[in-house]
S.K.: 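Once you've had a glance at the structure underneath, I'll fire off some questions.
Chain identifiers are assigned alphabetically (A, B, ...) following the order of the sequence lines, protein sequences preceding nucleic acid strands; residue numbering begins at 1 within each chain.
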Protein chains: 2
Amino acid sequence: MNYKEAKDKFISTWGALGTLWGINKAMAQIHALLWISPEPLSMEDIMEELHISRGNTSMNLRQLMDWGIVFKESKPGERKEYFVSEKDVQELARQVAKERSRREIKPVIKVLREVSGIEGDGSKKTEELIKQTKALYELANNADTMMNKIVNQESNWITKTLMKLIK
Amino acid sequence: MNYKEAKDKFISTWGALGTLWGINKAMAQIHALLWISPEPLSMEDIMEELHISRGNTSMNLRQLMDWGIVFKESKPGERKEYFVSEKDVQELARQVAKERSRREIKPVIKVLREVSGIEGDGSKKTEELIKQTKALYELANNADTMMNKIVNQESNWITKTLMKLIK
DNA sequence: TTAAACTTTCAATAATTACTGAAAGTTTAA
DNA sequence: TTAAACTTTCAGTAATTATTGAAAGTTTAA
């Protein structure tokens, strides 16, 4: 496998994984491209490399910046904007965990707390609803608390911790 | 919030979370419904409750069974089939982790190993590709190993472990 | 200021994914 | 066996999501 084959394989695999996890393909592929690029890339560069339109590129770059894993960079004396990705894998993981927690997990936890907190009426189905949503609430809460630990620790905490668990 | 409101809120929230994570809404909602149901439900029951077609119900039940989190149950003397979900939250987490690892993480790890294993040619871009995909490979590998630990431990290992980390 | 160089927005359209419903398939009781 | 009771499959369609491309917007150098 030469450079080009490896690059294309990585970009398309990353895109496919994204799709599977509810992230659109273009967004994941732009991230992949920047992740392995030793230099900042312009919008033109990205459009050309991935064969996607200007609009699509612009929108997905914005999303990646919202996620805090891609940044704008300007080269002195050039009007054009360049983009770079977060390059540290730990920081990438931290940032993704933080955003998924904030956007997706926390709101669900809130609903689970509300639902599992309704008053019992003695019926079997109400008891089951309360019991089962409470169990999910506790699981989600534990997972989320752990995520926040990760987010608020120094960046290699996760590796150290995982290592401890694995051993 | 009364029983019906709470039930509907839980089912729709679970469906929305599924969508966000690449799981189709009907599948997530059927799971939610079975999760809080004290009794096994028939296909008719599910169709009626969620307003979805027979075909949709059948296909998504099969997927839930493939994931190992919903089971068929037959009542003696009845021809109709009934469905129940795994009721233990730990076992649910174990099973989901196991399947996501097998279907999605392991194949990506394989690609990352291949891509990061290409021979360097001295160019900067090849070095960067190797370095960055190797970093992802190691992260994914750690995460996956942890998942497998979870999967192969007794079912409350995860809670105990998370608790230790959180404290 | 102006206009060139660039980015963003968004309505229209394409692509993908999910869902329906009816026909085909399966199982079981008689 | 047959036929009733049920489930699965799948071609067609609907709904959703992603993408384009051109117009509008922004920035900067002169």
Side-chain angles (χ1 to χ4, degrees), chain A residues 11-34 40-67 70-85 103-104, chain B residues 11-34 40-67 70-85 103-104:
Chain A
I11 290 172
S12 81
T13 301
W14 210 235
L17 181 65
T19 301
L20 235 36
W21 284 74
I23 286 155
N24 97 32
K25 197 178 72 174
M27 181 171 158
Q29 291 192 339
I30 293 171
H31 177 255
L33 179 60
L34 291 173
L41 299 181
S42 69
M43 210 141 94
E44 295 288 342
D45 295 334
I46 296 167
M47 288 166 60
E48 209 169 292
E49 186 78 51
L50 302 177
H51 304 98
I52 58 179
S53 72
R54 189 173 296 282
N56 199 6
T57 307
S58 171
M59 283 170 122
N60 284 110
L61 278 169
R62 168 204 277 279
Q63 280 211 73
L64 286 164
M65 289 186 289
D66 288 348
W67 273 75
V70 162
F71 313 101
K72 257 187 196 158
E73 203 166 89
S74 16
K75 293 194 181 175
E78 280 204 60
R79 186 170 306 178
K80 210 185 292 186
E81 287 173 327
Y82 289 83
F83 300 89
V84 293
S85 83
R103 297 167 190 230
E104 297 160 9
Chain B
I11 290 172
S12 81
T13 301
W14 210 235
L17 180 67
T19 301
L20 236 36
W21 285 74
I23 286 156
N24 97 33
K25 197 178 72 175
M27 181 171 158
Q29 291 193 340
I30 292 171
H31 176 254
L33 179 61
L34 292 172
L41 299 180
S42 69
M43 211 142 92
E44 296 288 341
D45 295 333
I46 296 167
M47 288 166 59
E48 209 169 291
E49 186 78 52
L50 303 177
H51 304 99
I52 58 181
S53 71
R54 189 173 296 283
N56 198 8
T57 307
S58 172
M59 283 170 124
N60 285 109
L61 278 169
R62 167 204 277 279
Q63 280 210 75
L64 286 164
M65 289 186 288
D66 288 349
W67 273 74
V70 162
F71 313 101
K72 257 186 196 157
E73 203 166 89
S74 17
K75 293 194 181 176
E78 279 204 60
R79 186 171 304 180
K80 210 186 292 187
E81 288 174 325
Y82 288 82
F83 299 90
V84 294
S85 82
R103 296 167 189 229
E104 297 160 8

S.K.: May I have the distance from B:Leu50 (atom CG) to C:dC19 (atom P), rounded to whole angstrom?
M.R.: 11 Å

S.K.: Can you tell me the distance, in whole Å, between the CZ atom of B:Arg79 and the C1' atom of C:dA30?
M.R.: 10 Å

S.K.: From CG of B:Leu41 over to C1' of D:dC6, roughly how many Å is that when rounded to an integer?
M.R.: 17 Å

S.K.: Whether B:Lys75 engages the ring of B:Tyr82 as a cation-pi pair (distance to the six-membered ring centre under 6.0 angstrom, angle to the ring normal within 45°) should be assessed.
M.R.: yes

S.K.: Taking N or O atoms only and anything under 3.5 Å, show me the protein contacts with nucleotides 8-10 of chain D, one pair per line.
M.R.:
{"residue": "D:dT8", "atom": "OP2", "partner": "B:Ser58", "partner atom": "OG", "Å": "3.0"}
{"residue": "D:dT9", "atom": "OP1", "partner": "B:Arg62", "partner atom": "NH2", "Å": "3.1"}
{"residue": "D:dT9", "atom": "OP2", "partner": "B:Arg62", "partner atom": "NH2", "Å": "3.1"}

S.K.: Have a look at A:Asn60 and tell me which of A:Asn24, A:Ile46, A:Ile52, A:Ile23 forms a side chain to side chain contact (heavy atoms under 4.5 Å, CB included) with it.
M.R.: A:Asn24

S.K.: Quickly work out the B:Ile52 CD1 to C:dT17 C1' distance and round it to whole Å.
M.R.: 16 Å

S.K.: Paired with C:dT7: which nucleotide, if any, by Watson-Crick or G-U wobble criteria at under 3.5 Å for both distances?
M.R.: D:dA24

S.K.: Once you round it to whole Å, what is the distance between P of C:dT28 and CD of B:Glu78?
M.R.: 14 Å

S.K.: Can you measure A:Lys80 atom NZ to D:dA29 atom P for me and round it to whole angstrom units?
M.R.: 15 Å

S.K.: Expressed in angstrom and rounded to an integer, what is the separation of B:Lys75 atom NZ from D:dC6 atom C1'?
M.R.: 16 Å

S.K.: Please give the nucleotide sitting opposite C:dA30 as a Watson-Crick or G-U wobble pair, both distances under 3.5 Å, or none.
M.R.: D:dT1

S.K.: It should be established whether B:Asn24 places a side-chain nitrogen or oxygen under 4.0 Å from OP1 or OP2 of nucleotide D:dT16.
M.R.: no

